[in-house]
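Structure record follows, encoded as structure tokens.
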Amino acid sequence: MRLAPIALTLALAACSLLGCDQYSETSAIDQKIRLAQGGMDQDKSTRREFTHTARTQRPYVLAVLPTTGVTKETITALDLPREAKVWLTMEVDNRSLPGPLLGFLEADRAEWHPLSDGVTADQLLYAWKQPREELTIEMTIVGGRTLITSVR
Amino acid sequence: MVRSASILSTLLLQLACGVLPGADLETPVDDVRRVAQDLRWSKQHQASATIDVTEFVPPVAILAVPPGMHTLREIELLFSAEAARECVRRMAGGQPLTTDTSTLYICSARQMTSSFFHDDASVPKPVALWKESTGNVAVLLERQGDEVQIVGLR
């Protein structure tokens, strides 16, 4: 049992020495959002969805946080583990980045990433997923804006 | 590069000395906390965690109680063995057990420890176990919405 922290520590030290990049789930999803956005531009379609399977071995919540309009009360009412609500509340109370954000929330860590230029959401969207469970993100062009309309 | 080398040498020194950050901070109920969190996130209904009682010389009394005052009479009724009752009487100093939060007590002839549960788990009603053999204790957990309850000891 005590070998796990040793292995993790050595891996981190080796990574630090060799300068390897850390994989980011939100960057990977944002990249797929950009591709989908480009695809819609190219074929003049107004709706597209894509799937993503997170690499994590733990349950997680993917959230799309719009720039405004989300209150603590909204978050409190969500059917989510309390840590996920804490991460969301902290971000709403004290924004680490401007604009709409993509959040990847786990029990003990939260990762936030700005959505690609021109992509936004009108409301807080989220999906609570188990490891290896597929995530589906739907995007729609409404009035010239690319909206994330569903996360499931 | 210098900083990285420094980090690595510190870690290697810690490994050589058998010391890792946080290695000595484990408490008997850490696994209960971890499993309770996993249970809330996994949407499962039940799970089992382990309490490490290997540092205690058996027999050992394990008692989990909800917040409030618990009379000795009430606690003694949870144990059939007189030795177990004597163990918890000694642990409580002959007084009722009073706690502000769900608490797990472990006592043996020479040792006693108490662990508090705050948001991580709760105890809806007292549960107890008198363990005369060596080995760990299984804690049965049930999820109720975003809360996890300790419902049994085995």
Side-chain angles (χ1 to χ4, degrees), chain A residues 1-22 25 54 56-63 72 74-90 103-111 126-135 152, chain B residues 1-45 47 49-55 117-122 135-136 141-149:
Chain A
M1 196 67 179
R2 290 193 174 179
L3 286 177
I6 296 172
L8 179 65
T9 313
L10 284 175
L12 287 173
C15 224
S16 174
L17 274 175
L18 300 171
C20 54
D21 290 331
Q22 199 179 356
E25 211 67 66
T56 183
Q57 297 303 308
R58 307 174 64 195
Y60 69 92
V61 171
L62 185 88
K72 281 185 192 175
T74 316
I75 295 167
T76 305
L78 301 177
D79 174 28
L80 286 178
R82 80 173 68 95
E83 294 88 345
K85 294 184 193 180
V86 170
W87 295 128
L88 284 165
T89 306
M90 283 170 69
F104 187 81
L105 319 173
E106 291 179 287
D108 56 2
R109 66 181 279 273
E111 182 183 305
Y126 65 92
W128 176 4
K129 294 285 176 179
Q130 299 303 309
R132 295 173 298 281
E133 199 180 344
E134 198 174 69
L135 179 73
R152 60 183 190 276
Chain B
M1 193 68 176
V2 172
R3 194 173 138 262
S4 300
S6 163
I7 293 169
L8 186 64
S9 59
T10 307
L11 289 169
L12 290 173
L13 183 67
Q14 287 174 338
L15 282 175
C17 299
V19 179
L20 274 172
D24 294 324
L25 300 177
E26 288 271 313
T27 73
V29 296
D30 280 356
D31 189 57
V32 178
R33 296 198 169 107
R34 272 190 293 266
V35 173
Q37 188 181 64
D38 288 349
L39 187 57
R40 287 188 299 103
W41 278 76
S42 69
K43 304 182 187 179
Q44 301 292 311
H45 182 58
T50 300
I51 294 179
D52 183 356
V53 291
T54 50
E55 287 182 17
F117 295 100
H118 295 285
D119 286 343
D120 30 27
S122 64
N136 291 332
L141 302 171
E142 276 185 11
R143 184 175 69 87
Q144 303 285 338
D146 196 32
E147 288 191 3
V148 170
Q149 298 182 337

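The figures here come from the full heavy-atom set of this structure, side chains too, leaving out hydrogens, waters and symmetry mates. Sequence lines set the chain letters: A, B, ... in the order given, protein chains first and strands last, and positions in each chain run from 1.
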Handout entry: A/Arg82 to B/Asp146 - nearest heavy-atom pair and separation
Key = N-OD2, 2.8 Å
Practice task
Answer yes or no: does atom CD of B/Glu142 have more than 12 heavy-atom neighbours from other residues, nucleotides or ligands under 6.0 Å?
Solution key: yes
Problem - Closest heavy-atom pair and its distance - A/Trp128, B/Trp41 - result: NE1-O, 2.9 Å
Handout entry: Full working for side chain to side chain contact (heavy atoms under 4.5 Å, CB included) between B/Gln44 and A/Gln130
Key = CA-CA 11 Å; B/Gln44 301 292 311; A/Gln130 299 303 309; 5.8 Å; no
Handout entry: Atom pair CG (A/Asp79) and NZ (B/Lys43), whose distance is rounded to the nearest 0.5 Å
Key = 7.0 Å
